[in-house]
Amino acid sequence: MPELPEVETTRRGILPHIKNHSVKQVVVRNRQLRWPIPASLAKQLENEKILDVERRGKYLLLITARGSIIIHLGMSGSLRITDSKTPAEKHDHLDIVFSNGNILRYRDPRKFGCVLWTGKDPGQHKLLKKLGPEPLSDDFNADYFVHACAGRKQAIKQLVMNSQIVPGVGNIYANEALFMAGIHPKRAAGKISAARLDKLVQAIKQVLARAITQGGTTLRDFTQAEGQPGYFAQELQVYGRAGQACPNCQQTIRQTVLGQRSAFYCAHCQK
DNA sequence: AGTGCGGCCTGTCCGC
DNA sequence: TGCGGACAGGCCGCAC
């Protein structure tokens, strides 16, 4: 489900409700996610205060003085702020209950996500250590990206979706950014000019930033921490629009499979 | 080192 | 209505 804008929207939504609040109780209903929720989580969090909520790529980090909770929402995960009057539903695997009565509730029907604990710098955790530079930071720039693409035979879309190159860009925004930059998703990354890669870098930044201001993209079930949908879906140019007219040239948008994922593109506008 | 996939799991939708 | 199959916002870990 969630790509960087949805994760960032979630971060902003939960932050004011849990920052500087202490954990009263941890309720695990099902620890069998992609990796098991550690049995020690409750003990580690007991009476700990959440000092901040950070994001790295698609990972959320709940920072305490003793360590950090690492959360990934996988394909279908979500976090909600709720309270004890709201009963947990089928796929609500974890509650973090705060002393002020707020509950941070983790739901993930497909269980592709994870909730982990690290006592060290979370940036050194195996899952975060190899992530590329944050796409909205200055470290993600044309120089970096041209270097990262040099000599690569892989399709550019697959590199854009590779978290070691640039984290946070999933299938929706990869398709949209390539359309904005006028680059065909199957073009070999190493054979694209620096000027066009620069354009792609700018497109990635632009589409992510715009989606964040719109509260993310709601396709099926994504909602913000308090239940509102995201409004970026209405701005999608190619994703999910196979058979429809390209907004730029009116030719038919095509769909193909690339690296086991759907690619949407306009063969006239993207070369 | 780079590349390509299998697999993890549930829900929904489509065609028959 | 029921059923099988395809597909879905991710990505690790393995084989080559």
Side-chain angles (χ1 to χ4, degrees), chain A residues 1-10 29-37 55-60 70-79 89-94 106-116 125-132 135 147-178 185-191 204 207-208 211-212 214-224 229-236 238-243 255-264:
Chain A
M1 177 212 320
E3 303 184 32
L4 186 152
E6 291 74 38
V7 177
E8 178 62 19
T9 296
T10 298
R29 297 186 193 80
N30 178 3
R31 57 178 78 257
Q32 298 310 316
L33 304 180
R34 174 158 200 174
W35 297 283
I37 297 174
R55 180 189 55 74
R56 179 79 176 95
K58 296 177 193 170
Y59 291 92
L60 283 171
I70 298 172
I71 299 175
H72 196 290
L73 301 176
M75 200 88 112
S76 59
S78 62
L79 285 168
E89 294 181 30
K90 189 175 179 185
H91 299 293
D92 291 340
H93 307 310
L94 172 74
Y106 177 88
R107 173 180 300 182
D108 187 0
R110 290 177 71 180
K111 304 192 187 82
F112 284 1
C114 64
V115 178
L116 300 171
H125 190 276
K126 185 179 76 172
L127 292 173
L128 306 192
K129 201 172 180 174
K130 292 182 180 173
L131 295 180
H147 185 72
C149 290
R152 297 285 201 121
K153 295 173 185 167
Q154 211 172 28
I156 184 65
K157 179 165 180 281
Q158 292 181 274
L159 260 82
V160 168
M161 293 180 67
N162 180 340
S163 64
Q164 295 191 28
I165 305 291
V166 53
V169 188
N171 205 28
I172 296 176
Y173 300 111
N175 279 298
E176 292 297 308
L178 286 164
K186 288 192 176 174
R187 181 150 304 278
K191 294 195 169 179
I204 289 168
V207 72
L208 295 179
I212 290 170
Q214 295 297 91
T217 299
T218 298
L219 291 182
R220 291 171 184 78
D221 56 5
F222 172 75
T223 60
Q224 303 181 38
Y231 294 100
F232 194 73
Q234 58 204 53
E235 299 188 24
L236 296 175
V238 288
Y239 182 85
R241 296 194 182 279
Q255 177 174 5
T256 187
V257 175
L258 215 178
Q260 302 166 295
R261 310 299 300 272
S262 285
F264 299 89

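Sequence lines set the chain letters: A, B, ... in the order given, protein chains first and strands last, and positions in each chain run from 1. All values below come from the heavy atoms of this structure, side chains included, with hydrogens, waters and symmetry mates left out.
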Using the [atom1] atom in both, what is the distance from [N] to [M], to the nearest Å?
N: B/dT3; M: C/dG9; atom1: P; answer: 22 Å
N: B/dG6; M: C/dA6; atom1: P; answer: 14 Å
N: C/dC7; M: B/dC5; atom1: P; answer: 15 Å

No-hydrogen, no-angle side-chain donor-acceptor test under 3.5 Å, A/Ser262 and A/Gln255:
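Yes, a side-chain donor-acceptor pair sits under 3.5 Å.
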Which nucleotide in B/dG11, C/dC12, C/dG10 has an atom nearest any side-chain atom of A/Tyr59
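Out of B/dG11, C/dC12, C/dG10, the nucleotide with an atom closest to A/Tyr59's side chain is C/dC12.
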Starting the side chain at C-beta, find the nucleotide from C/dC11, C/dA8, C/dC12 nearest to A/Lys58.
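Closest of the options to the side chain of A/Lys58: C/dC11.
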Could you tell me whether the side chain of [Y] reaches within less than 4.5 Å of the side chain of [X], counting heavy atoms only?
X: A/Tyr106; Y: A/Leu73; answer: yes
X: A/Trp35; Y: A/Leu127; answer: yes
X: A/Glu3; Y: A/Lys58; answer: yes

Base partner of [N], which must satisfy Watson-Crick or wobble distances under 3.5 Å:
N: C/dT1; value: none
N: C/dG9; value: none
N: B/dC9; value: none

Between A/Gln255 and A/Leu131, who's closer to the 5' end of DNA chain C by nearest nucleotide?
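That would be A/Gln255.
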Would you check if the side chain of [X] reaches a backbone N or O of [Y] as a donor-acceptor pair within less than 3.5 Å?
X: A/Glu176; Y: A/Val207; result: no
X: A/Arg55; Y: A/Gly57; result: yes
X: A/Asn175; Y: A/Asn171; result: yes

According to a strict under-4.0 Å criterion, is [X] in side-chain N/O contact with OP1 or OP2 of [N]?
X: A/Lys130; N: C/dC12; answer: no
X: A/His72; N: C/dG10; answer: no
X: A/Tyr173; N: C/dG10; answer: no

Starting at [atom1] of [X] and ending at [atom2] of [N], how long is that distance when rounded to a whole Å?
X: A/Ile172; N: C/dG10; atom1: CD1; atom2: C1'; result: 12 Å
X: A/Leu60; N: C/dG9; atom1: CG; atom2: P; result: 20 Å
X: A/Met161; N: C/dG9; atom1: CE; atom2: C1'; result: 9 Å
X: A/His91; N: C/dA8; atom1: NE2; atom2: P; result: 20 Å
X: A/Asn162; N: C/dC11; atom1: CG; atom2: P; result: 10 Å
X: A/His147; N: B/dA1; atom1: NE2; atom2: P; result: 14 Å
X: A/Arg261; N: C/dG10; atom1: CZ; atom2: C1'; result: 6 Å
X: A/Leu128; N: C/dC12; atom1: CG; atom2: C1'; result: 14 Å

What does nucleotides 3-9 of chain B look like as a protein-contact string, B for base, S for sugar-phosphate only, - for none, at under 4.0 angstrom between heavy atoms?
SSBBBBB
Looking only at heavy atoms, which two atoms of A/Lys186 and A/Leu258 are closest? And how far apart?
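Scanning both residues completely, I find the closest heavy atoms to be CG-CD1, 3.6 Å.
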Counting the atoms with a prime plus P, OP1 and OP2 as sugar-phosphate, which does A/Gln164 contact under 4.0 Å by heavy atoms, base, sugar-phosphate, or nothing?
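Counting heavy atoms under 4.0 Å across all strands, no contact is made by A/Gln164.
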